[in-house]
**Student:** 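Sharing a structure with you now.
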Amino acid sequence: MMGNAVANLICPFLGTVAFAVLFNVPRKYYLAGGLTGTAGWLAYISILHFASAAIASFVGAFVVVFISRMLTVRMKCPITVFLISGIFPLVPGAGVYYTAYYLVTDQIALAGERGLGALKIAFAIVLGIAFVVSIPREVFQGQYWRNRKTEKMRTGEKQ
């Protein structure tokens, strides 16, 4: 039990950082990127006990993109620095592999089942990315919320 919990912390972190190294992400972003991937994986694992893999993938992708957007504003870098490597633990690689394997071995029913599952997960990841990316960039900046608070106070005093 304890080994499984440690593996669910270390493996997504190392996988995300390794993927960042592969894509030549600057070293100063490795820790933040690794933590982003780990947070998305932990969200996926925690939701997977209550919902399907597609819904868990949506929530995991949502978390990864949300954290990536916050880090983008904070660290003043492109979102792809964190997003591409952070989404890596959620990608349905095994589903795609087994789809191809079952197609080659002429097990069409199993290939269709695995392929549809992988397609659902991939679509859920895309939806998670689209939802968060559609939020305006200003929402992720602290100045936006300070301005809103002072505006509320100013309009509240006039009434």
**Student:** Verify the cluster assignment for Y44 and I47: are they in a single hydrophobic cluster under the rule of side-chain heavy atoms below 4.5 Å apart?
**Tutor:**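 Yes.
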
**Student:** Determine whether L42 and I55 fall in the same hydrophobic cluster, where Ile, Leu, Val, Met, Phe, Trp and Tyr are linked whenever their side-chain heavy atoms lie under 4.5 Å apart.
**Tutor:**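 No, L42 does not connect to I55 through the hydrophobic network.
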
**Student:** State which residue, out of I87, V63, V64, V65, fulfils the side-chain contact (heavy atoms from CB on, under 4.5 Å) condition with T36.
**Tutor:**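 Among the candidates, only V64 passes.
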
**Student:** With hydrophobic residues grouped by side-chain heavy-atom distances under 4.5 Å, do I129 and I135 end up in a single group?
**Tutor:**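 Cluster IDs for I129 and I135 match.
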
**Student:** Do you know the tightest heavy-atom contact between N8 and W41?
**Tutor:**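 Nearest heavy atoms, N8 then W41: OD1-NE1, 2.9 Å.
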
**Student:** What is the minimum heavy-atom distance between P92 and A118, and which atoms define it?
**Tutor:**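 Shortest heavy-atom contact: CG-O, 3.7 Å.
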
**Student:** Kindly state each residue pair satisfying ring pair (Phe, Tyr, Trp, His ring centres under 6.0 Å) with at least one member in residues 94-138, sequence neighbours excluded.
**Tutor:**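 For residues 94-138: F58-F131.
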
**Student:** Can you check whether V133's main-chain N or O pairs, donor with acceptor, with R69's side chain at less than 3.5 Å?
**Tutor:**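 Judged by distance alone, yes, a pair lies under 3.5 Å.
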
**Student:** If you take all heavy atoms of P12 and G37, which pair is closest and at what distance?
**Tutor:**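 So the two residues come closest at CB-O, 4.3 Å.
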
**Student:** Kindly give the heavy-atom pair with the smallest separation between G60 and A43, and that separation in Å.
**Tutor:**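 The answer is CA-CB, 4.2 Å.
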
**Student:** Passes side-chain contact (heavy atoms from CB on, under 4.5 Å), F13 versus L9? Steps please.
**Tutor:** CA-CA 7 Å; F13 182 85; L9 290 173; over 6 Å; no

**Student:** Is L35 linked to L83 within one hydrophobic cluster, defined over Ile, Leu, Val, Met, Phe, Trp and Tyr using a side-chain heavy-atom separation of less than 4.5 Å?
**Tutor:**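 L35 clusters together with L83.
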
**Student:** Just how far is it from atom OG of S57 to atom CG of L127, taken to the nearest 0.5 Å?
**Tutor:**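 It is 11.5 Å, given to the nearest 0.5 Å.
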
**Student:** I'd like to check L71 versus S68 (side-chain heavy atoms, cut-off strictly below 4.5 Å). Are they in contact?
**Tutor:**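 A side-chain contact is absent here, since even the closest heavy-atom pair is not under 4.5 Å.
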
**Student:** Do you know the tightest heavy-atom contact between P89 and G86?
**Tutor:**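 Smallest interatomic distance, heavy atoms only, reads CD-O, 3.3 Å.
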
**Student:** Measuring only between side-chain heavy atoms, which start at C-beta, is Y29 closer than 4.5 Å to C77?
**Tutor:**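 With C-beta onward as the side chain, the pair touches.
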
**Student:** Run through V73, I84, T72 and flag the one making a side-chain contact (heavy atoms from CB on, under 4.5 Å) with I79.
**Tutor:**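 The option that passes is T72.
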
**Student:** Less than 4.5 Å apart, side chain to side chain, heavy atoms only: is that true for S46 and V59?
**Tutor:**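 Not touching, per the 4.5 Å side-chain cut-off.
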
**Student:** Would you check, one step at a time, whether the test side-chain contact (heavy atoms from CB on, under 4.5 Å) holds for V25 with V21?
**Tutor:** CA-CA 6 Å; V25 171; V21 169; over 6 Å; no

**Student:** Is there side-chain contact between F82 and I67, with heavy atoms separated by less than 4.5 Å?
**Tutor:**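 No, side chains not in contact.
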
**Student:** Check whether L116 and L110 end up in the same hydrophobic cluster, where Ile, Leu, Val, Met, Phe, Trp and Tyr are linked by side-chain heavy atoms less than 4.5 Å apart.
**Tutor:**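 The answer is no; the residues belong to distinct hydrophobic clusters.
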
**Student:** I need the Q107 CD to R114 CZ distance, nearest 0.5 Å.
**Tutor:**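 With rounding to 0.5 Å, CD (Q107) is 11.0 Å from CZ (R114).
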
**Student:** I'd like to know if the side chain of T16 reaches the main chain of G34, judged simply by a donor and an acceptor atom lying under 3.5 Å from each other, with no hydrogens or angles considered.
**Tutor:**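 Not at all, since once roles are kept as given, no pair shorter than 3.5 Å links the two residues.
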
